[in-house]
Amino acid sequence: MASVSEMYDVGWEEMRDKLRKWREENCRNSEQIVDVGEELISEHASKLGDDIWIIYEQVMIAALDCSRDDLALTCLQELEKQFSDSHRVKRLSGMRLEALERYDEANKDYDAILQDDPTNTAARKRKISILKAQGKSAEAIRELNEYLEQFVGDQEAWHELSELYINEHDYGKAAFCLEELMMTNPHNHLYCEQYAEVKYTQGGLENLELSRKYFAQALRLNNRNMRALFGLYMSASHIAASPKVSAKVKKDNMKYAAWAATQINRAYKYTDTLKRHIVHLGGHAEAAMKQYPLPVFDSGWLVAGPRRTNAP
Amino acid sequence: MALLLDSNIRLWVVLPIVFITFFVGVIRHYVSILLQSDKKLTLEQVSDSQVLIRSRILRENGKYIPKQSFLMRKFYFNNQEDGFFKKTKRKVVPPSPMTDPSMLTDMMKGNVTNVLPMILIGGWINWTFSGFVTTKVPFPLTLRFKPMLQQGIELLSLDASWVSSASWYFLNVFGLRSMYSLILGQDNGADQSRIMQEQMSGAAMAMPADTNKAFKAEWEALELTDHQWALESVEEDLMSRELDFDGMFSKELPSGIF
């Protein structure tokens with residue numbers, strides 16, 4: 001197997017900088033991290049200086065993700081030798097036990113950390129993820145709620161809670177969590193779009209109007225968000241097709257839906273390969289608005305947009 | 001009155017005093033870091049600070065969430081009977097130096113690292129570089145400043161603007177503060193005037209009392225906040241122009257890691 005440096009013809013400094021970039025952006029590309037990191041620590045350990053400890057941590061977590069227990073154990077042992085009494089290292093050792101599904105021992109580790117330092121957020125969050133891994137989602141939700149009562153500002157936790165609620169189909173509470181996120185990150189179009197999707201799923205005229213507004217906001221923040229564009233189209237058509245709305249609202253929403261459809265057409269014109277679908281889509285949209293109460297869309301179209309990642 | 005000073009004074013007095021002050025300041029900064037005791041925050045303090053941040057964010061960015069949600073949160077915080085800010089009272093224990101031993105040691109360390117070196121070195125400079133005029137301050141001073149700034153120079157007719165080396169030293173101590181911020185970063189241990197300000201407002205500023213006052217201030221601020229929904233006319237704004245798809249489909253795909 002060729003090494004990373006041979007395959008891409010890069011030096012150890014570039015590999016180290018790449019690892020730092022992934023660390024700062026919180027990317028979860030564990031296989032790549034393991035490839036690059038393993039080579040870095042086995043060949044160039046002496047040149048890294050003090051950086052090596054944080055690289056050990058990063059590579060260890062990535063190794064646990066890829067089931068590379070051998071590599072994880074090596075990294076952990078190096079860290080334990082250097083920082084024998086550290087809570088941070090103890091948490092890593094707990095994570096390794098979690099990966100091996102030895103949840104009771106992991107819980108003991110985390111409880112020890114919390115006894116020593118009740119403000120340690122990392123240990124609490126790991127305990128909640130143990131509950132999630134064991135499938136006890138109701139308990140995980142309860143624990144996470146208690147955690148958030150203490151640490152109201154933890155955005156990662158709010159996002160996790162919203163995901164848990166969505167899995168439980170409790171859309172109202174998920175919407176609350178997403179509202180917290182939207183307030184703290186008003187310029188993040190992904191949170192707006194996710195909020196709009198939750199509102200759309202909740203259903204009901206008010207929620208549909210809200211969802212249309214937030215899809216529009218997501219588009220305003222980022223013109224290229226295809227999911228939001230499709231969402232805008234769907235929520236507007238849905239409202240227009242509802243029997244309970246006034247004529248003015250119906251007219252407005254049909255206007256919005258038509259605008260969204262034209263924009264979608266324009267977007268697809270941007271690439272040649274999808275030319276064939278343009279006519280299909282354009283004709284479909286008008287026919288749908290005239291005849292069918294609900295627009296019928298292939299689920300494939302929603303997949304055609306850019307993939308939503310968790311990176312803000 | 002125009003005096004011509006020996007340029008040796010500049011070389012052997014002015015510059016050395018600058019260097020001495022500067023390096024003593026840097027050493028003080030590192031010593032204060034070494035002597036710093038770990039500040040342990042309680043869960044309550046952490047939690048309170050985050051609640052205050054959340055309330056502030058609600059005030060500033062509440063316009064991005066629907067009106068109902070904003071009102072719900074405002075009610076949670078400010079409700080007359082059991083709103084968070086109304087209901088929560090934290091125990092106020094002002095940390096006076098007598099009752100709180102850690103405060104006492106902190107104060108001692110503060111004094112040792114800052115005041116003591118200043119006195120020692122000031123005195124040493126006064127003793128070493130005495131008997132001559134060092135520099136002239138650019139603005140005229142009254143005769144009252146003479147005994148203070150002209151220590152060691154017994155000339156009755158000399159302008160008060162001509163000062164001795166001790167006053168040049170004190171000028172440096174305060175003047176190099178901005179240099180320290182540049183080199184050591186903000187909040188450094190060599191910052192004398194900040195320490196002195198702290199000592200003056202010092203023991204009166206108890207952290208727990210702050211929390212109660214902070215809650216009250218937030219309550220008032222939140223009462224005054226109204227909800228102006230930022231999304232009132234979002235569709236019109238959006239549809240006023242075509243969407244900008246530039247760069248959406250890039251021809252180049254990332255090939256591997258690098």
Side-chain angles (χ1 to χ4, degrees), chain A residues 4 7-10 14-15 18 29 32 35-36 117-119 121 149-154 175-176 178-180 182-187 192 195 199 206 210 212-217 219-220 223-226 229 232 236 252-253 255-256 259-260 262-264 266-267 269-271 273-274 306, chain B residues 38-74 76-77 84 88 227 229-251 254-258:
Chain A
V4 170
M7 269 205 285
Y8 296 98
D9 195 20
V10 287
E14 280 140 318
M15 298 207 286
K18 199 63 160 182
N29 48 344
Q32 291 179 329
D35 284 337
V36 175
D117 177 14
T119 62
T121 55
E149 253 176 69
Q150 303 282 343
F151 300 96
V152 210
D154 190 338
F176 183 92
L178 286 168
E179 281 161 6
E180 291 291 322
M182 281 202 298
M183 274 203 298
T184 43
N185 305 288
H187 300 293
C192 281
Y195 181 72
K199 283 288 169 197
E206 258 182 55
L210 271 181
R212 186 197 71 221
K213 285 224 175 264
Y214 279 95
F215 276 129
Q217 171 75 347
L219 273 176
R220 189 158 66 156
N223 273 343
R224 297 184 254 159
N225 189 335
M226 283 307 283
L229 190 50
L232 175 62
D252 281 339
N253 279 289
K255 184 176 69 146
Y256 300 149
W259 181 87
T262 16
Q263 295 305 315
I264 295 177
R266 268 191 64 229
K269 278 207 180 73
Y270 257 66
T271 152
T273 52
L274 292 169
Chain B
D38 274 322
K39 263 190 297 188
K40 274 234 163 138
L41 289 168
T42 65
L43 188 54
E44 209 178 69
Q45 279 175 323
V46 171
S47 172
D48 285 343
S49 62
Q50 293 204 358
V51 170
L52 284 170
I53 292 176
R54 179 172 177 230
S55 162
R56 183 177 54 109
I57 299 249
L58 180 65
R59 271 188 294 122
E60 291 174 6
N61 291 339
K63 57 188 178 175
Y64 294 109
I65 57 178
K67 191 178 184 91
Q68 198 56 34
S69 321
F70 175 81
L71 290 175
M72 176 164 58
R73 287 168 168 85
K74 183 170 165 178
Y76 164 74
F77 277 125
F84 186 80
T88 332
H227 182 258
W229 204 22
L231 272 63
E232 265 318 329
S233 58
V234 62
E235 288 102 346
E236 303 305 319
D237 287 341
L238 183 63
M239 300 186 192
S240 60
R241 67 188 93 115
E242 302 281 331
L243 291 180
D244 180 15
F245 293 128
D246 255 338
M248 177 147 73
F249 303 106
S250 62
K251 302 235 182 270
S255 54
I257 305 179
F258 294 95

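The structure displayed is predicted, hence computed values, not measured ones.
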Value for CD (E60(B)) from OG1 (T184(A)), rounded to nearest 0.5 Å, stands at 12.0 Å
Under 4.5 Å from any heavy atom of chain B - which part of D9(A): neither
Below 4.5 Å, heavy-atom pairs only: which of E14(A), Q217(A), E149(A) has the largest tally toward chain B? Q217(A)
Report yes if the side chains of Y64(B) and N185(A) come closer than 4.5 Å at any heavy-atom pair, otherwise no. no
Please classify the contact of F176(A) with chain B as side chain, backbone, both or neither, using a heavy-atom distance under 4.5 Å. both
Start with the C-alpha distance between Y8(A) and M15(A), add both sets of side-chain angles, then the distance that settles side-chain contact (heavy atoms from CB on, under 4.5 Å), and finish with yes or no. CA-CA 10 Å; Y8(A) 296 98; M15(A) 298 207 286; over 6 Å; no
Kindly indicate whether the side chain of F245(B), heavy atoms from C-beta on, has any atom under 4.5 Å from the side chain of R266(A). yes
Go through the atoms of E232(B) and report whether side chain, backbone, both or neither lie under 4.5 Å from a heavy atom of chain A. backbone
Is any side-chain heavy atom of L219(A) closer than 4.5 Å to one of Q263(A)? no
For chain B, the option from R212(A), E179(A), M182(A) that forms the most heavy-atom pairs under 4.5 Å: E179(A)
Where on F151(A) is there a heavy atom nearer than 4.5 Å to chain B: the side chain, the backbone, both, or neither? both
Cut-off 4.5 Å, heavy atoms of chain A, and the answer for D237(B) is side chain
Do any side-chain atoms of residues 46-57 of chain B form donor-acceptor pairs under 3.5 angstrom with protein atoms, and if so which ones, sequence neighbours left out?
residue: S47(B); atom: OG; partner: Q150(A); partner atom: O; Å: 3.0
residue: D48(B); atom: OD1; partner: R90(B); partner atom: NE; Å: 3.2
residue: D48(B); atom: OD1; partner: R90(B); partner atom: NH2; Å: 2.7
residue: D48(B); atom: OD2; partner: R90(B); partner atom: NE; Å: 2.7
residue: S49(B); atom: OG; partner: Q45(B); partner atom: O; Å: 3.4
residue: S49(B); atom: OG; partner: V46(B); partner atom: O; Å: 2.7
residue: Q50(B); atom: OE1; partner: V152(A); partner atom: N; Å: 3.1
residue: Q50(B); atom: OE1; partner: G153(A); partner atom: N; Å: 2.7
residue: R54(B); atom: NE; partner: E180(A); partner atom: OE1; Å: 3.0
residue: R54(B); atom: NE; partner: E180(A); partner atom: OE2; Å: 3.2
residue: R54(B); atom: NH2; partner: E180(A); partner atom: OE2; Å: 2.6
residue: S55(B); atom: OG; partner: E218(B); partner atom: OE1; Å: 2.5

What part of E236(B) lies closer than 4.5 angstrom to a heavy atom of chain A: side chain, backbone, both or neither? side chain
Looking only at T42(B), L231(B), L43(B), N61(B), the option with the highest number of non-hydrogen pairs under 4.5 Å against chain A is L231(B)
Mind checking what makes side-chain hydrogen bond (donor to acceptor under 3.5 Å, both in side chains) contact with D252(A), not counting sequence neighbours? K248(A)
Is it the side chain or the backbone of L229(A) that comes within 4.5 Å of chain B heavy atoms, both, or neither? side chain
